[in-house]
Amino acid sequence: MIHLRKATIDDAALLEYWDTQQHVIDSDPDDDWNWRTELTRDFEWREQLMAELNGKPIGFVQIIDPLLEESHYWGDVPHNKRAIDIWIGEEPYLNQGYGTMMMKLAIDRCFKNELVDAILIDPLKTNKRAHTFYKRLGFEFVEERVFYGVACFVFELKREKHQK
Ligand SMILES: CC(C)(COP(=O)(O)OP(=O)(O)OC[C@H]1O[C@@H](n2cnc3c(N)ncnc32)[C@H](O)[C@@H]1OP(=O)(O)O)[C@@H](O)C(=O)NCCC(=O)NCCS
């Protein structure tokens, strides 16, 4: 059973350890998440969540409002979108369906807000496995975009598609 709960400063060491795992580095090579700072900051435009498998943390999910996010990473985006980042911390937990369960919980969480009409994600262009993963969940390719010098594919899950 997968459950999402708020990440706290007590999760910092584990998240830093996960950042050293090769599959996590490969999916997000240059990013420093500044856990010890960020886990102490609460914003209405962000949720940082630990995914627990029967009470044991195995992954992380971040949901942001890309319009309000402070670095404006997503640039000019319309109102009422959400953007998700997701990873599983340790290799033995990959490919067992947990990522799908985490993503479904995250998607439901986003669309619970009736104003939200679509969810965005931006895997690396090279992260083919993630593309397959998201397409299987109903996400559709939108465009290729460069974020901070790195080529990414933007995918979107529209509310109508999710409800079908
Ligand atoms: C993407 C991710 C969250 C999917 O979770 P998961 O529990 O491994 O996925 P599931 O078991 O639910 O589904 C399996 C699918 O995940 C995909 N996948 C994506 N990245 C993968 C990886 N590094 N290793 C194994 N499978 C991966 C595969 O396409 C696989 O499909 P396949 O069986 O057709 O090969 C997880 O693989 C992960 O954390 N990957 C590394 C970080 C990452 O790429 N995050 C996304 C960045 S946008």
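Just follow the structure's listing: the first ligand is 1, and inside any ligand the first atom is 1. Given the structure is predicted, the values throughout are model-derived calculations rather than measurements. Position 1 is the first residue of the sequence, and the numbers go up from there.
- A continuous path of hydrophobic side-chain contacts links M101 to F133 [ILVMFWY only; heavy atoms under 4.5 Å].
- Taking Ile, Leu, Val, Met, Phe, Trp and Tyr as members and joining any whose side-chain heavy atoms lie under 4.5 Å apart, directly or through other members, the hydrophobic cluster of L124 also contains V150.
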Just list the N/O pairs, ligand 1 to protein, that are under 3.5 Å apart, with the distance for each.
unit_1   : atom_1 : unit_2 : atom_2 : d
ligand 1 : 7 (O)  : G99    : N      : 2.7
ligand 1 : 8 (O)  : N95    : N      : 2.8
ligand 1 : 11 (O) : Q96    : N      : 3.1
ligand 1 : 11 (O) : G97    : N      : 2.6
ligand 1 : 12 (O) : T100   : N      : 3.0
ligand 1 : 12 (O) : T100   : OG1    : 2.4
ligand 1 : 24 (N) : R129   : NH1    : 3.4
ligand 1 : 26 (N) : N95    : ND2    : 3.0
ligand 1 : 26 (N) : R129   : NH2    : 3.4
ligand 1 : 29 (O) : R129   : O      : 2.9
ligand 1 : 31 (O) : R136   : NH2    : 3.1
ligand 1 : 34 (O) : R136   : NH2    : 2.8
ligand 1 : 39 (O) : I88    : N      : 2.8
ligand 1 : 44 (O) : N127   : ND2    : 2.8
ligand 1 : 45 (N) : I86    : O      : 2.9

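- With no hydrogens or angles considered, no side-chain donor-acceptor pair links D122 and W74 at under 3.5 Å.
- Counting only residues at least two apart or in different chains, salt bridge (charged side-chain N to carboxylate O under 4.0 Å, His left out) contacts with residues 51-64 comprise R5-E52.
- When all heavy atoms are compared, the tightest approach of I119 to C110 is CD1-CB, 3.6 Å.
- Its side chain outside the 4.5 Å cluster rule for every partner, M1 clusters with none of the Ile, Leu, Val, Met, Phe, Trp and Tyr residues.
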